[in-house]
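These notes are about the structure you will find just below.
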Amino acid sequence: MPYKGLPEVVTTRRRSFWESAYFVEICKGLAVTGRHLLRNLLHTGEMPTVQYPEQRRDYGPRFRGRHRLLQREDGSPRCVACMMCSTVCPADCIEIVAAEHADPAIEKYPASFTIDLLRCVYCGLCEEACPCDAIRMDTGIYEIAADNRQAFVVDKDFLLHNDKDGTL
Amino acid sequence: MVPLVLEAFAKIVFMFLLIMGFVPLLIWAERKGSAFIQDRTGPNRAAVLGIRLAGLVHPIADVLKLVFKEDVVPAQRHRFLYAFAPMLVMVVAMSTYAVIPFGDYLEIGGRRIPLVVADLKVGMLYILAIASLGTYGVALGGWASNSKYTFLGAMRSTASMISYEITMALSLLGLFMIFGTLQITQIVAGQGELIWGWLPRWGIVVQPVGFLLFIAAVYAETNRTPFDMTERDSEIVAGYHTEYSSLKFALFFMAEYAHMVVAAALIAALFFGGYQIPWLPRSLLEAHAGMLLTGSLAAGGGLSLVVAWLYFRRARRERGWYNDSREREPGFLGAVAALVGLGLLGSLTLAPWSVGAAGASIFVTVAQTGCFIAKVAFFAWLFIWVRWTVPSFRYDQVMRLGWQIMLPVGLLNLAATAVWLVIAHR
Amino acid sequence: MAIGLTHYLGLAAAVFLVGMVGFVIRRNTIVMLMCVELMLAAANLTFAAFSRELGNEAGHVFVLMNFAVAAAEVAIGLAILVEIYRRRRSVDADELTTLME
Amino acid sequence: METFLFFFGGAVLLSGGIAAVASRSAVNAACWLVFAFLGAAGLFAALHAPFLAVLQVLVYAGAVMVLFLFVIMMLEGPVMQGESRRPRLWLPLLAMAPAVVIAVVASRALRTAAPVGFDTVLPDGFGQPLRVSWLLLQDYVFAFQMIAILLLVAMVGALALGRSERKRPWQ
């Protein structure tokens, strides 16, 4: 029963005898699936499935993978421990301990810089917040695996040389 | 006496191997076929030395996994029935096979061996009786697990069994009236005739409505979609085998496929002429056995060589795709196909065009059994095909279909058959 | 050892007795119905045995009748039991004694 | 072969029956009864009644007992439980009286009538569906019709009893 004042929108078409007899319709359905089957049998190579470990999908340049810390020419981190990224991080996964830098031109440096990759939501806000382009998520690494939770908490050294594969 | 026992034993072993060989093939066909129907690739990873056979190695991996899995059992189960139910399902699935002929007869050394395990005079009733026992394994297994989901599966199974068994019997009664016998071998033999000289007198030709009813009832009895309400994932987890794991689950799983093979064999035997090759009766096959054998050997050999050539071409094309042992596969398969083809062609030198009487008999048996197996394979595949095409019925729809549509149609079909027989035989 | 009519009659009597004892001692009405089935099976056995003895299938016909009667009895009996259970939440024969009071 | 079938089927029938009567839970009783009926089918086979043997499995084991099982499961649910109280034990004593009578009669009969095998020579195809159906549809056709009416009445009765006053949710 439609509600009062509202037009009835769902109209059921009366099914013909052959449609309700069901067997003809089943045969039509079988023809459809059979067509798919035959097409895929004859053209196995055109299957859209990506054979993952061998083939990989191409991701765009803006794909956010695992983080890395950028270095200065001398190899020290570009980070100035301003805490912008850890402040903006919605998952609260970045922990920075700041320390005084020896060079008076540079105010501070991160004595320790750890990211808990299990808590990170890969939103990329840290990249955008960073005033000196020290943290980026452009490694393209998205297969991250380890056998214990502690290994997912990665430190400064790891992030500075983050060009390994997925294993931590 | 001893040769009789040996014969029976050989036939039983043959039938057993036939079903058990079909089961992994069907599991593979289910996975691969469903994948192709849904534009996926399907299983293609498990490999033995890089040989994957398009996923055929997967059933082996599955079995190994199930064997080594922990057997988790519910604590408050009925101990005996819980363990007994999977066996019962398997036994019932296998025992229907005893009355299905897989060939006419084999004549060796003056002995005429009928190619059926047990040629019962009441074969059709035997099938119905065994099929009616099929519900016990499912119902008792579901009940003994002492879980709500399995219990619902068990209840649904008994309900559908009671409903569809009647239809099954009614659909077979028409066939029984037309062929005038309950003996499966005679029904199959009767289907070798031709109507008007060109139409095979198959069950589907003389009983089209009976065939539709039978195939629907059989789908309901084997719990396959669209009647899979005993194990519907979206409603009752996995139905009656929710609480089963490891080998007991494997038994249920295999029994489902064994049941499908049996049902396919029944459809083939009762409605599609069983082992009968259409338009090629036994006399014709025997008379031209040598010629036909030569022709089929040559054709088989040629075909194998073509397949081998295709594989070798593929091996060259795919070099460097994987950079591991899997690259050997097309080459290996091509080598096998080439060997088979050369073997078949080489056997032509043994003068197969002059086979003796025994050779002709063996050739006829092989050809008819092959035809039977091909029909069984097609109908087993039809089960899978339908499953991945048709959405399943709701529970009340199943019940209404069984009682309000199929039962009256079956009765009408029976009455019509009787009237037609009376008119035709006057 | 030759098996004759007597053996079958003795077996049928024993089975009938088992069914009768069950009918008397059990409280669950469903099980009592099952015991009736057992007794009917014993009767069927005697029919078939006499048929074998006389070489005449009339006994088989009676067994077939018995099958139909048993099926009808079970259908009606179980329907009644289900209805009773819906109203009383029990199928225990000792509790279904309304008519006694 | 027939001797073997007699002893085998008889043992199955009797033990199944006793176990069915003695088992506490109704589902167990039903299972044992199925077992017993399979034994009865073996006995029918021994009596040269293959038609009856198959029908015994088909009707009793396949339909009647499934119905029993269905109702038991519906009423008792998936929980295992036996009867709440012990069976009435004074009643078997009462039941013993006919047992004794039957035993006496049977033993007398066994002693007087020396047990010989069946000596009737059976006609060809005895007990096969063809011969039974001729008998059923010619000599006993009235009884056959009566059975049909009985089944119809039973079906209507069961439907009438099974109808619930409550409306189904999908109606």
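What you see is a predicted model; the values in this text were computed from it and never measured.
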Side chain, backbone, both or neither: which part of [X] has a non-hydrogen atom closer than 4.5 Å to chain C?
X	result
D:L43	both
D:A49	both
D:M65	side chain

Taking atom [atom1] of [X] and atom [atom2] of [Y], what is their separation to the nearest 0.5 Å?
X	Y	atom1	atom2	value
D:L150	C:M65	CG	CE	10.5 Å
C:N66	D:L52	CG	CG	10.5 Å
D:L58	C:F67	CG	CZ	9.5 Å
D:F6	C:Y8	CZ	OH	6.0 Å
C:E57	D:S133	CD	OG	9.5 Å
C:L64	D:F51	CG	CZ	5.5 Å

With a 4.5 Å cut-off on heavy-atom pairs, point out which of [options] contacts chain C the most.
options	result
D:G157, D:A40, D:A30, D:A160	D:A30
D:V59, D:L135, D:I18	D:L135
D:V153, D:I147, D:L55, D:L67	D:I147
D:Y140, D:Y60, D:F44	D:Y60

Among [options], who wins on heavy-atom pairs under 4.5 Å with chain D?
options	result
C:G59, C:G77, C:A58	C:A58
C:I76, C:V69, C:L40	C:I76
C:V61, C:L9, C:L33	C:V61

| Proximity breakdown for C:E73 and chain D, heavy-atom pairs closer than 4.5 Å | neither
| said: Between C:C35 and D:V21, is there a side-chain heavy-atom distance shorter than 4.5 Å? | reply: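 In short, these two side chains touch, coming nearer than 4.5 Å.
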| query | Would you say the side chain of C:Y85 lies within less than 4.5 Å of the side chain of D:M74, judging by non-hydrogen atoms? | reply |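 No, side chains not in contact.
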| query | What closest approach, in Å, do C:A72 and D:L151 show between heavy atoms, and which atom pair accounts for it? | reply |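 Residues C:A72 and D:L151, closest heavy atoms: CB-CD2, 4.1 Å.
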| query | Closest approach of D:V64 and C:A71, non-hydrogen atoms and distance? | reply | CG2-CA, 4.2 Å
| field | CA sep, side-chain torsions, deciding dist, call: C:L45, D:L13, side chain to side chain contact (heavy atoms under 4.5 Å, CB included) | value | CA-CA 11 Å; C:L45 197 58; D:L13 174 59; 4.2 Å; yes
